[in-house]
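All heavy atoms count here, side chains included; hydrogens, waters and symmetry mates do not. All ligand and atom numbering here is 1-based and tracks the order in the structure.
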Amino acid sequence: MTEERRAHDLPEGLPPTPDIDIDRLKATLLKLAEFGYDDSVNAVSRLGFGEADMAARRWLMELMEAEGFSARMDGAGNVYGRLGPKEKASVTMGSHLDSVPSSGIFDGALGVITALEILRTFKAAGIEPNWPLELVATSEEEGRFGGMLGAQAISGDVTPEFLMGAHDADGNRLADAMTAAGLPPLGALEARRPPSSMRAFIELHIEQGPVLDTVGKTIGVVESISGVWKWIIHLRGKADHAGTAPMDMRSDAFMGLADFAHAIPRIIDEHGTDKSRLTVGKVELKPGNPHTIPGEAIFTLVGRDSDAQVMRELQDACNRSLSAIARRHGLRFEYEQVSWLDPMDCSGRITDLFDTLAARRGLSYQRMPSGAGHDTQFLTRITDAGMIFVPSVGGVSHAPDELTHWEDIETGAQLLADAAWILAHEPG
Ligand SMILES: [Zn+2]
């Protein structure tokens, strides 16, 4: 990053950002919510590469073409729309169009429709920026097939082995789902964007957590996106009769798991940070009979932090704790690491820009980490990328009750527009 591109030196003489139209944004977002909407549960299901997801993608492309933005879909199913010449590097905005099953209407969709609203606003203002503005609606962000496929394809982080081998929890293959959607699976390898084709990436997303709603702030400027690992842990003891085996002569695998669960707060105190999370989310006891001492406990441990070194120290501490607990209870302990995703820092240039612009508008905002994964984390690999959050009421997300107030959406969308306005007018 060069000094003259430091964001807080706002360009002199640039006219103010045109105002976005919140009513138009709202109407378009509600129209998008009709794709995959189930009114019996008031929720949206647009699973990656499913029918509703692909129908929403085609609708978005037709809408953008009709409004004069050149639209296209790449080999990974990412939809692009553009204002400005296609040969120049873009200032790109967006998020994902797919959802988890029975989702709310804002997760991902908000970032896509805000990007469209910004394209519309800038086009209507009739000003030709120095750099083209681009919308991207990424595919398969929610990890139905175990990745963040659209964003990973853009950053060049997918392999043929993954494309041909991945499947969802019901055993449906990614390759079959993509083929049914009209996308030859290996075409995703061609979705990679060279770093020279993008000047910046900015994303607006709902927080999906309770922080902003609790502290009463409107904007979160995301500094880092947590890394995450997943272990599957086995504690093996001895399944015995629950009546005949004395309490001091048992190898009870559940007691080992319970001791470990109690050790988690101490492990985080001693080895973690305020951004650390350790979660035992899925547990199976075998043989699973009320009158039998559990001979085996199989459970997941998911760990997160925004620093890879801290993640490794947490892993070491969990390993030592589980070994000691296993010895104490006469258990055997094994684990398998199923996944590891590095933490990512957002671009300092972009976070500085959001800070500066939020302060200029007198908004209540704060810097914060993201505990959840987002498209931005892969875009940081090829360009200056950053994101902002708007509050989720009660922190609810990935559920039908997901809600963000329209006045907060207007504030967040206008702040994203401010950033796009500056970035698109940089000299060059
Ligand atoms: Zn999302």
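Among the heteroatoms counted here (N, O or S) of Asp107, OD1 is the one nearest to the Zn ion (ligand 1).
Ring-plane geometry between Phe299 and Phe260 is classed as tilted, the angle between the planes lying from 30 to 60 degrees on a 0 to 90 degree scale.
Between Ser197 and Glu134, every side-chain heavy-atom pair lies at or beyond the 4.5 Å cut-off. Residues Thr121 and Asp21 fail the side-chain proximity criterion, which asks for heavy atoms closer than 4.5 Å.
One finds an angle of 110° at the Zn ion (ligand 1) between NE2 on His205 and NE2 on His96, to the nearest 10 degrees.
Among the atoms of His374, none of the N, O or S atoms falls under 2.8 Å from the Zn ion (ligand 1).
Annotation: Lys86, atom NZ; neighbour count of heavy atoms from other residues, nucleotides and ligands within 6.0 Å does not exceed 12.
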